[in-house]
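Just dropping this structure here.
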Number of protein chains: 2
Amino acid sequence: MEQIDNRELLNDRGIKYTNQRNITFNILRQMDLPITAEQAFMKVKEVDSSISLSTIYRILDLFVSKGLVLKSNISDDNKAIFELNRMEHKHHLICVKCKKMTVVDNCPFEAFEKTLEQKTKFQITAHKLEMYGFCPLCQEKGGDI
Amino acid sequence: MEQIDNRELLNDRGIKYTNQRNITFNILRQMDLPITAEQAFMKVKEVDSSISLSTIYRILDLFVSKGLVLKSNISDDNKAIFELNRMEHKHHLICVKCKKMTVVDNCPFEAFEKTLEQKTKFQITAHKLEMYGFCPLCQEKGGDI
DNA sequence: GTAACTGCAAACCTTTTGCAGCTTG
DNA sequence: CAAGCTGCAAAAGGTTTGCAGTTAC
């Protein structure tokens, strides 16, 4: 994998540069879907085999605390997933059978949120929308869930 | 707490009646927001102090597998939450500061989902929408998150 | 050189499981 | 009585932490 140097970008966010942080950031940047800590660990390991899982957790948490990365989790699965915060607004469509995720970039929400803010007096800062169903392949295969 | 007998309801779903299942079901029915297994455990314990946490997990899993209960989790929190499946369509608004949840019963989605099904060829069976922000109280209090 | 980062192993927390004993129908 | 539910304790994931050694500036 091409190792871009993100020193400046990390520094700007108040993150001290280290090689492993740089690698982790590059991994996240080239992913177009969220990954688990374990998956990040495997990927980073391909570039620096000395990395430990706890360091991955520490790096991911740091990135999250600096707003660089988004942490969430999919329904009924006790693992966190992480993705680069691209400041784009997007959602996911997740197959309940094979768990494949597909990106949905349309979001039909702004209007609804405004109404809701007025109604509830909440100050809404984010929302998360996931749709679940059967992906085309799993529909073909048929059978039970 | 009033202990309604849900024997018939449980039997109809193919769930063998036991006292603890009945209590657990009553707890869930009187909750209007999702609770964790631990919270359910505490609540059931008030009625039957002999209940064990593993039984709570087994009961909740059973209810989920029979479609009686919905299991999910809120962002960035590694615990499952459970709520009665009331067959109503609703969403939650969650305060990022105090984690208070508020129910939102409006859902602006059906139309969008149809379009998306055509575009992606997914067969959408469910969706989950959560909005995050500051509840009125936490806005008043101000300060950092 | 110093403050901060990292690897390792152990701890932690939520959830699951094996087994012996107890309930329900 | 048989099937299957339950308590307990132990195991199993995922995640966090303490500490000694290493790295970045």
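A, B, ... follow the sequence lines: proteins, then strands. Residue 1 opens every chain.
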Results of side-chain hydrogen bond (donor to acceptor under 3.5 Å, both in side chains) for A:R58 - residues two or more places apart only
none
Can you tell me the distance, in whole Å, between the CD atom of B:E38 and the P atom of C:dT16?
14 Å
The criterion is salt bridge (charged side-chain N to carboxylate O under 4.0 Å, His left out); which residues satisfy it with A:E83, sequence neighbours excluded?
A:K90
Residues that A:H92 engages under ring pair (Phe, Tyr, Trp, His ring centres under 6.0 Å), provided they are two or more places apart
none
Between the two ends of the helix from C:dG1-D:dC25 to C:dG25-D:dC1, what is the bend in degrees, rounded to 10 degrees, where each end axis spans five pairs?
40°
What is the distance from CD1 of B:I23 to P of C:dT23, rounded to the nearest Å?
14 Å
Please report, rounded to the nearest Å, how far the P atom of D:dT23 is from the CG atom of A:L10.
19 Å
Whole-Å distance, A:K71 NZ to D:dT15 P, equals 7 Å
Reading 5' to 3' through nucleotides 5-12 of chain D, protein heavy-atom contacts under 4.0 Å coded B for base, S for sugar-phosphate only, - for none
SSBBB---
Residue list, ring pair (Phe, Tyr, Trp, His ring centres under 6.0 Å) with B:F109, at least two apart or on another chain:
A:F109, B:F112, B:H127
Between C:dT6 (C1') and A:K45 (NZ): distance, integer Å
14 Å
Looking at residues at least two apart in the chain, or sitting in another chain, which of them share a side-chain hydrogen bond (donor to acceptor under 3.5 Å, both in side chains) with A:T120?
none
If we count only N and O atoms by modelled type, under 3.5 Å, do the side chains of B:N22 and B:D5 hold a donor and an acceptor together?
no
What's the CG-P distance between B:L60 and C:dT17, to the nearest Å?
15 Å
Spacing of A:I81 atom CD1 relative to D:dT15 atom C1', expressed in whole Å:
16 Å
Taking for each residue the nucleotide of DNA chain C with the nearest heavy atom, is it B:R7 or B:T36 whose nucleotide lies nearer the 5' end?
B:T36
side-chain hydrogen bond (donor to acceptor under 3.5 Å, both in side chains) involving B:Q39 - partner list, sequence neighbours excluded:
B:T36
For B:N6 and C:dT24, give me the distance from atom CG to atom P, rounded to whole Å.
15 Å
Test salt bridge (charged side-chain N to carboxylate O under 4.0 Å, His left out) applied to A:R86 - qualifying residues, sequence neighbours left out:
none
B:N6 vs B:R21, side-chain hydrogen bond (donor to acceptor under 3.5 Å, both in side chains): CA-CA, chis, key distance, verdict:
CA-CA 9 Å; B:N6 303 285; B:R21 288 173 182 186; over 6 Å; no
